[in-house]
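These notes are about the structure you will find just below.
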Protein chains: 2
Amino acid sequence: MTEPTRDRTGDEPIPEATVARLPVYLRGLLELADAGVETVSSVGLAELAGVNAANVRKDLSYLHAHGTRGVGYEVGHLVSEISLVLGGGRPSPVVIVGVGNLGRALSRYDGFVAGGFPIAGLVDADPAVVGRKVAGTVVRPVDELASLVAETGATVGIVATPAAAAQEAVGHLVAAGIRSILNFAPSVVAVPAHVDVRQVDLATELQILGYHQHRRTTGDTSRAAG
Amino acid sequence: MTEPTRDRTGDEPIPEATVARLPVYLRGLLELADAGVETVSSVGLAELAGVNAANVRKDLSYLHAHGTRGVGYEVGHLVSEISLVLGGGRPSPVVIVGVGNLGRALSRYDGFVAGGFPIAGLVDADPAVVGRKVAGTVVRPVDELASLVAETGATVGIVATPAAAAQEAVGHLVAAGIRSILNFAPSVVAVPAHVDVRQVDLATELQILGYHQHRRTTGDTSRAAG
DNA sequence: GGTGTCATGTGAACGCGCGCACAAGCGCGT
DNA sequence: ACGCGCTTGTGCGCGCGTTCACATGACACC
Ligand SMILES: NC(=O)c1ccc[n+]([C@@H]2O[C@H](COP(=O)([O-])OP(=O)(O)OC[C@H]3O[C@@H](n4cnc5c(N)ncnc54)[C@H](O)[C@@H]3O)[C@@H](O)[C@H]2O)c1
Ligand SMILES: NC(=O)c1ccc[n+]([C@@H]2O[C@H](COP(=O)([O-])OP(=O)(O)OC[C@H]3O[C@@H](n4cnc5c(N)ncnc54)[C@H](O)[C@@H]3O)[C@@H](O)[C@H]2O)c1
């Protein structure tokens, strides 16, 4: 408020819908870079991302990644620009709370480190799980969460506990200084205003699919054969 | 149908944003029902779901679940009404393609059957995986997918293969008659118009979190303690 | 050096979704 | 029986997001 707006490195607000598409663009761009492609048009990138071309152009206009008229966008430039906006250029270590079925699968997910999200540590409340080695990392008790975050500089917390323990797990993460949380438990959690929570809810996704399927099979009588 | 009959069983289109919230309402309502609560107001349900109360009322108005003015909504009625809209009242068996780290975790997820999505079968392309028993189910080869779907009446497919194989896996599912697909692979897949695909992308979620975190740490210099 | 062709960048319109605010209606207490 | 308080149901305005359509501008070829 006291100082004017600086429009250098990602100071202006990017629309949320655009932010959600940037990772998809980034994936496509990395594929292109691997294939040796150096420039890409908004139409080409739109096809890779499955969105409208005008949407791509408007999205990229929010970044400081201007393209060349008549040619397109420089792939390498876009990659670095989007990476900078999304991750700040630095990796974000991740702490996983709850090392059950899902937590173990996540621990072994190689896409984490590839995407700039290395596993900083695993914690669990079950003494039978604590001390065991999962994916090369020893599971630590929940009361060591704060020190674990402090040691590793973890900035992201993943909640993979049962729903009943999700709010408690989130509380521990917030108390440890984590401000970005990804919650896999099917539970609405409350957090302070400065903490960002994103929900990944498998059951919800399936039920949304179920709605559309149900609607097609009951509302559409013109389709009989399969 | 010679006349345009307005059926009462979910014929009018429900807004997509509302559909996405219905599962959250349902979870809260089931908790209330477990606690013996029989009626709930829009304010109470809004708190449970973490949304605005007027939004709840408008959402429920799309269903045929009218409440009683001055009292609220009947919990049991809402549960059955939302369940009917979302799942058609019948369970939707699920086929999982790709039984790796994630596929195994999903197979053991008890929330599936609890939510009306029992595991109908598991398939994988790796001969080393085929034949092994995971969570009480034997993994079958991909070329048995069509017969598996036919036998079990599976209506939902989950893709848990590497990204490079996602499009192929989706193709198999579509060929087998599946019209609802949940894709965990970080890959944009193409499907016919009558097939519904929902993407669950972990890396995307983390990168969105990363954007907000990066924005806070660089743009926001004033932080309120508390 | 001129011109044609191509792709970017953006103005404007449309639709959707959200939330406020208020009227309508139901039940309970007196 | 009657009024009061509580809650539903919704009309309306606002903002966001998406898309079309077009003007602007760069590059390549002749
Ligand atoms: N495939 C899946 O398993 C899957 C898929 C989608 C969502 N989910 C959700 O993810 C969550 C975990 O699922 P899961 O199958 O791994 O369950 P799980 O029971 O296998 O694992 C839960 C783990 O959390 C630990 N835990 C419990 N309370 C804790 C606490 N207060 N603090 C720290 N750790 C605690 C437990 O000791 C256990 O190790 C659940 O909420 C589930 O609904 C799971
Ligand atoms: N925690 C996680 O592991 C995690 C989290 C989020 C997303 N994902 C995504 O989920 C997918 C699977 O991850 P994963 O860790 O389980 O990988 P994985 O390598 O452990 O498992 C992949 C499985 O798919 C099978 N497969 C390969 N090609 C196939 C094909 N054409 N048809 C059928 N099956 C095939 C393989 O044999 C293997 O069993 C990946 O796309 C990954 O990016 C994983």
Side-chain angles (χ1 to χ4, degrees), chain A residues 7 12-25 28-29 32 37-79 81-82 188 199 204 208 211-212 215, chain B residues 8 12-25 28-29 32 37-78 81-82 85 188 199 204 208 211-212 215:
Chain A
D7 31 72
E12 66 285 342
I14 298 178
E16 198 62 20
T18 295
V19 174
R21 278 187 295 269
L22 290 181
V24 186
Y25 298 154
L29 290 167
L32 291 178
V37 178
E38 296 195 348
T39 59
V40 62
S41 71
S42 63
V43 180
L45 189 51
E47 281 181 19
L48 281 177
V51 298
N52 185 282
N55 216 335
V56 170
R57 292 197 292 273
K58 190 153 286 190
D59 285 342
L60 295 182
S61 76
Y62 293 117
L63 315 178
H64 300 277
H66 284 250
T68 309
R69 295 171 180 233
V71 178
Y73 299 89
E74 195 183 337
V75 173
H77 186 231
L78 277 191
V79 167
E81 203 69 39
I82 295 180
V188 177
Q199 197 79 20
T204 294
I208 294 173
Y211 166 76
H212 291 297
R215 225 179 105 65
Chain B
R8 291 182 186 166
E12 63 286 337
I14 298 179
E16 199 61 27
T18 295
V19 174
R21 279 187 296 268
L22 290 182
V24 186
Y25 298 154
L29 290 167
L32 291 178
V37 179
E38 296 195 348
T39 60
V40 63
S41 71
S42 62
V43 180
L45 189 51
E47 281 180 19
L48 281 176
V51 298
N52 185 280
N55 216 334
V56 171
R57 292 197 291 273
K58 190 158 287 187
D59 285 343
L60 295 182
S61 76
Y62 293 117
L63 314 178
H64 300 277
H66 283 250
T68 309
R69 294 171 183 235
V71 177
Y73 299 88
E74 197 183 336
V75 172
H77 186 232
L78 278 191
E81 203 70 38
I82 296 180
V85 170
V188 177
Q199 197 80 18
T204 294
I208 294 173
Y211 166 76
H212 292 296
R215 225 178 106 65

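Hydrogens, waters and symmetry mates play no part in the numbers below; they use all other heavy atoms, side chains included. Quantities reported herein were computed from a predicted structural model and do not represent experimental measurements. Residue numbering restarts at 1 for every chain, and letters A, B, ... go by the order of the sequence lines.
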Measure from the side chain of [X], starting at C-beta and using heavy atoms only, and say which of [options] lies closest.
{"X": "A:N55", "options": "D:dT19, D:dT10, D:dG17", "result": "D:dT19"}
{"X": "A:N52", "options": "D:dT19, C:dA7, D:dA21", "result": "D:dT19"}
{"X": "B:Y73", "options": "D:dC20, C:dC20, D:dT8", "result": "D:dT8"}
{"X": "B:A17", "options": "C:dA7, C:dG17, D:dC27", "result": "C:dG17"}

- Message: Between the base of D:dT7 and the side chain of B:R69, is there a donor and acceptor pair under 3.5 angstrom?
- Response: no
Rounded distance (Å) that lies between atom [atom2] of [N] and atom [atom1] of [X]:
{"X": "B:R57", "N": "C:dA21", "atom1": "CZ", "atom2": "P", "value": "13 Å"}
{"X": "B:E16", "N": "D:dG17", "atom1": "CD", "atom2": "P", "value": "17 Å"}
{"X": "B:E38", "N": "C:dG27", "atom1": "CD", "atom2": "P", "value": "16 Å"}
{"X": "B:H64", "N": "D:dT8", "atom1": "NE2", "atom2": "C1'", "value": "17 Å"}
{"X": "B:Y62", "N": "D:dT8", "atom1": "OH", "atom2": "P", "value": "17 Å"}
{"X": "B:D59", "N": "C:dC16", "atom1": "CG", "atom2": "C1'", "value": "13 Å"}
{"X": "A:H66", "N": "C:dG9", "atom1": "NE2", "atom2": "P", "value": "6 Å"}
{"X": "A:L63", "N": "C:dT10", "atom1": "CG", "atom2": "P", "value": "13 Å"}

- Message: Closest-nucleotide mapping onto DNA chain C: is B:G70 or B:T18 further toward the 5' terminus? I mean the 5' end.
- Response: B:T18
- Message: Between B:R21 and A:G72, which residue's closest nucleotide on DNA chain C lies nearer the 5′ terminus?
- Response: A:G72
- Query: For DNA chain D, whose closest nucleotide is more 5', that of B:S42 or that of B:K58?
  - Reply: B:S42
- Message: Donor-acceptor check, side chain of B:T68 to backbone of B:V71, threshold 3.5 angstrom: yes or no?
- Response: no
- Task: Would you confirm whether B:Y25, through its side chain, and B:L48, through its main-chain N or O, come within 3.5 Å as a donor-acceptor pair?
- Result: no
- Message: Is it true that B:H64 and B:E12 share a donor-acceptor pair across their side chains at a distance under 3.5 Å?
- Response: yes
- Could you tell me whether the side chains of A:H66 and A:E74 share a donor-acceptor contact shorter than 3.5 Å?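 Side-chain D/A pair, A:H66 to A:E74: absent.
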- Query: Are the side chains of A:Y73 and A:L45 in touch, meaning some heavy atoms are under 4.5 Å apart?
  - Reply: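 No, too far: nothing below the 4.5 Å cut-off.
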